[in-house]
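The figures that follow rest on heavy atoms only: side chains count, while hydrogens, waters and symmetry mates do not.
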Amino acid sequence: MSDTATTLTLTQPDDWHLHFRDGDLLAETVPATARCFARAIVMPNLVPPVTTAAAATEYRARIMQAVPEDKAFEPLMTLYLTGETTVADIQAAKAAGVVAAKLYPRGATTNSDAAVRQVESLFPVFEEMTRQNMLLLIHGEVTDAEIDIFDREKEFIDRHLQAIVRAMPELKVVFEHITTKDAVDFVVTATDKVAATITPQHLLMNRNDLLVGGVRPHNFCLPVLKRNLHQQALQKAVASGSKRFFLGTDSAPHARHMKESACGCAGCYSAWSAIELYAEVFERLGCLDNLEGFASHYGADFYGLPRNTNTITLVRESWQVPSKINLPSGDELVPFYAGETLNWKLQA
């Protein structure tokens, strides 16, 4: 693609990892996602979590009620794995149209207190997922208090992920929101049953953007931003055009008062500028030609779903990410990259 091009047309993309939340937030998060994406993998860490086929079906119905009338959008539902998840739960979820199950180590991120303590105890469940052609989505961090937060992804690979992949060679695994060179290296050298999603925040930022000049709560996410050598490894991965890496924003809304507090909730809300943020990254890396594969092709291919047939167009136009988004409840969201200028904008 020419550096002087003023438009960029892509097959309509999908978001292979995001959080809608529930209740009043759906009226904000669903339209924000549907403005651009045709489908999205919906995270199940609600309160209470989505642990059954019935809960997934009910949550999907609530999401569909929030889709704007002029948008064709499909939420792809996931099941939250716990120590009590059974083979029968997987069978029922598959029959209800659930496409994947999510493994959270307990305490790894927002609303993960009900998650798994002993990963290996779920191997019978993973075996059934393989039979049902249901994908395993993994938040790959250990949560032991003695393990440095910047080392938890690598430790998860060494302790658990290698064992899962060895024991279940036919199970499709998505290593979600990877943040380290270790994760990139693992995915590149694994079988073709392993892939990974990468967020805009981990491509655009490193831990300096979280900590230098004072803590910046709206850049706090889990897994946490890492040092620049890991950021560069992620950038190299997407610039390579490898089909093992695809778009997953991990867009996660929290009201301003929840981010700017002692709680410091983890999550970056990127839905309203997601594809523009990725275009910014790919242009900086000199690989805009690779954006369509990353955003629109590789995720669908890995999930075994048809690629979308519609297109979107980005125009070269400078615009500023809003400093805040007002919610009907009176709360405010501060979007990721608030106040920053982007050079590509989704054409209405």
Looking at [X] and [Y], does any basic side-chain N land under 4.0 Å from a carboxylate oxygen?
{"X": "R316", "Y": "E283", "answer": "yes"}
{"X": "E128", "Y": "R131", "answer": "yes"}
{"X": "D301", "Y": "R307", "answer": "yes"}
{"X": "R62", "Y": "D22", "answer": "yes"}
{"X": "R152", "Y": "E141", "answer": "no"}
{"X": "K154", "Y": "D148", "answer": "no"}

Give a yes or no on whether the ring-centroid distance for F282 and F294 is below 6.0 angstrom.
yes
Aromatic ring centroids of F302 and W16 under 6.0 Å?
no
Please indicate whether [X] has more than 12 foreign heavy atoms, meaning atoms of other residues, nucleotides or ligands, lying under 6.0 Å from its [atom1].
{"X": "R159", "atom1": "CZ", "answer": "yes"}
{"X": "E146", "atom1": "CD", "answer": "yes"}
{"X": "K94", "atom1": "NZ", "answer": "yes"}

If only side-chain N and O atoms count, and only distance matters, is there a donor-acceptor pair under 3.5 Å linking [Y] with [X]?
{"X": "T9", "Y": "T313", "value": "yes"}
{"X": "N45", "Y": "H19", "value": "yes"}
{"X": "H218", "Y": "R256", "value": "no"}
{"X": "E28", "Y": "Y269", "value": "yes"}
{"X": "H160", "Y": "E120", "value": "yes"}
{"X": "K226", "Y": "T180", "value": "no"}

Would you say [X] and [Y] make side-chain contact, with heavy atoms under 4.5 Å?
{"X": "L25", "Y": "L327", "result": "yes"}
{"X": "P13", "Y": "C36", "result": "yes"}
{"X": "T179", "Y": "L225", "result": "no"}
{"X": "L203", "Y": "Y278", "result": "yes"}

Residue pairs involving residues 34-49 (criterion salt bridge (charged side-chain N to carboxylate O under 4.0 Å, His left out); sequence neighbours excluded)
D14-R39, R35-E276
Please check this pair: side chain of [X] against backbone of [Y], looking for a donor-acceptor N/O pair closer than 3.5 Å.
{"X": "H297", "Y": "T11", "answer": "no"}
{"X": "N308", "Y": "N310", "answer": "no"}
{"X": "Q12", "Y": "T311", "answer": "no"}
{"X": "D15", "Y": "T249", "answer": "yes"}
{"X": "D89", "Y": "T52", "answer": "no"}

A101: which residues meet the side chain to side chain contact (heavy atoms under 4.5 Å, CB included) condition with it, sequence neighbours left out?
L79, L81, M129, M134
Side chain to side chain donor-acceptor pair (under 3.5 Å) partner of H254, the single match among R21, K259, E260:
R21
Matching residue for H139 among H177, E176, K102 - test: side chain to side chain donor-acceptor pair (under 3.5 Å)
H177
Distance to the ring centre below 6.0 angstrom and angle to the axis at most 45 degrees; does that hold for R207 and F150?
yes
Parallel, tilted or perpendicular: which one describes the rings of F186 and F175, with boundaries at 30° and 60°?
perpendicular
